Amino acid sequence: QVQLVESGGGLVQAGGSLRLSCAASVRTGGRYTMGWFRRAPGKEREFVAAIDWSGSSTYYADSVKGRFTISRDDAKNTMYLQMNSLKPEDTAVYYCALALVSGPNPKYDYWGQGTQVTVSS
């Protein structure tokens with residue numbers, strides 16, 4: 001059973017930065033995709049970013065391109081989401097996820113419990 005634990009959320013002013021971490025109980029260098037999703041109050045869960053097993057391919061939602069960066073440290077079995085130039089509309093619970101297959105839009109098999117990000121205006 002894979003366990004994913006997010007951390008790094010909090011309250012930040014608009015224009016500020018946060019870095020989210022996702023610690024995985026499996027070797028993150030395995031042949032699978034890891035991603036970040038978010039759910040804002042009253043909205044559906046949406047895709048934010050993903051990184052493939054090699055780390056060479058990354059994918060972003062249009063709403064975060066140029067502001068967010070996804071990365072992995074396989075030595076620490078940890079995935080990160082660096083969030084810069086945060087906006088109030090980025091306020092959401094952020095979830096990390098792992099898919100047991102590679103690809104840009106896989107079905108995700110495991111999910112973390114989420115970490116709250118709140119951006120004040």
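Since we're looking at a predicted model, the values are computed, not measured.
- Taking a 6.0 Å sphere around CG of Asp109, one finds it holds more than 12 heavy atoms contributed by other residues, nucleotides or ligands.
- At distances below 3.5 Å, at least one donor-acceptor pair connects side-chain atoms of Glu6 with backbone N or O atoms of Gly114.
- A distance-only check finds no donor-acceptor pair linking the side chain of Ser85 to the backbone of Gly15 [under 3.5 Å].
- Electrostatic pairing of Lys76 and Asp74 does not count as a salt bridge here, judged by no charged N lying under 4.0 Å from a carboxylate O.
- Between Tyr80 and Arg19, the side chains place no donor N or O within less than 3.5 Å of an acceptor N or O (distance only, hydrogens not considered).
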Notebook entry, point to check: For Arg67 and Met83, what are the C-alpha separation, side-chain angles and deciding distance, and is it a side-chain contact (heavy atoms from CB on, under 4.5 Å)?
Noted result: CA-CA 6 Å; Arg67 300 188 298 123; Met83 306 185 295; over 6 Å; no

Checklist line | Test side-chain contact (heavy atoms from CB on, under 4.5 Å) applied to Trp111 and Arg45, step by step | finding: CA-CA 12 Å; Trp111 295 83; Arg45 184 177 64 197; 3.5 Å; yes

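- Each of Leu81, Val93, Leu11, Leu20 was scored for a side chain to side chain contact (heavy atoms under 4.5 Å, CB included) with Val117, with one residue passing: Leu20.
- Side-chain atoms of Asp52 come within 3.5 Å of backbone atoms of Ser57 as a donor-acceptor pair (strictly under, hydrogens ignored).
- Closest approach of Thr78 and Ala23 over heavy atoms only: OG1-CA, 4.1 Å.
- Atom CD of Gln116 has more than 12 neighbouring heavy atoms from other residues, nucleotides or ligands inside a 6.0 Å radius.
- Counting only heavy atoms from C-beta outward, the side chains of Gln82 and Ser17 approach each other to under 4.5 Å.
- Atom CG in Leu4 sits 13.5 Å away from atom OH in Tyr95 (nearest 0.5 Å).
- Tyr108 and Ile51 end up in different hydrophobic clusters when Ile, Leu, Val, Met, Phe, Trp and Tyr side chains are linked at under 4.5 Å.
- Remark: side-chain polar atoms of Thr115 are paired, donor with acceptor, to backbone N or O of Gly9 under 3.5 angstrom.
- Outside the 6.0 Å centre-distance limit, the rings of Phe47 and Trp36 are not counted as a close aromatic pair.
- A salt bridge is absent between Lys87 and Asp90; no separation between the charged side-chain nitrogens and carboxylate oxygens falls under 4.0 Å.
- Taking every heavy atom of both residues into account, Ala14 and Ser121 meet most closely at CB-CA, 4.4 Å.
- At a threshold of 4.5 Å between non-hydrogen side-chain atoms, the residues Leu18 and Leu86 count as touching.
- Looking at every heavy atom in both residues, Val101 comes nearest to Pro106 through CG2-CB, 3.7 Å.
- Looking only at distances, no side-chain donor or acceptor of Thr91 sits under 3.5 Å from a matching main-chain atom of Thr118.
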Item checked: Criterion side-chain contact (heavy atoms from CB on, under 4.5 Å) on Val48 and Ile70, from CA distance to verdict -> CA-CA 9 Å; Val48 175; Ile70 190 172; over 6 Å; no

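- Looking only at side-chain heavy atoms (C-beta outward), Met79 and Cys96 come within less than 4.5 Å of each other.
- Between Glu44 and Arg39 no salt bridge is recorded (no basic side-chain N to carboxylate O distance below 4.0 Å).
- Around atom CD of Gln113, no more than 12 heavy atoms belonging to other residues, nucleotides or ligands sit under 6.0 Å away.
- Put simply, the side chain of Tyr110 reaches to within 4.5 Å of the side chain of Leu100, judged on heavy atoms.
- Note that Arg72 lies outside the cation-pi zone of Trp53, set by a 6.0 Å cut-off to the ring centre and a 45° limit from the axis.
- Considering CE of Met34 and SG of Cys22, their distance stands at 4.5 Å, rounded to 0.5 Å.
- Note on Tyr94: it clusters hydrophobically with Tyr60, by side-chain heavy-atom contacts below 4.5 Å among ILVMFWY residues.
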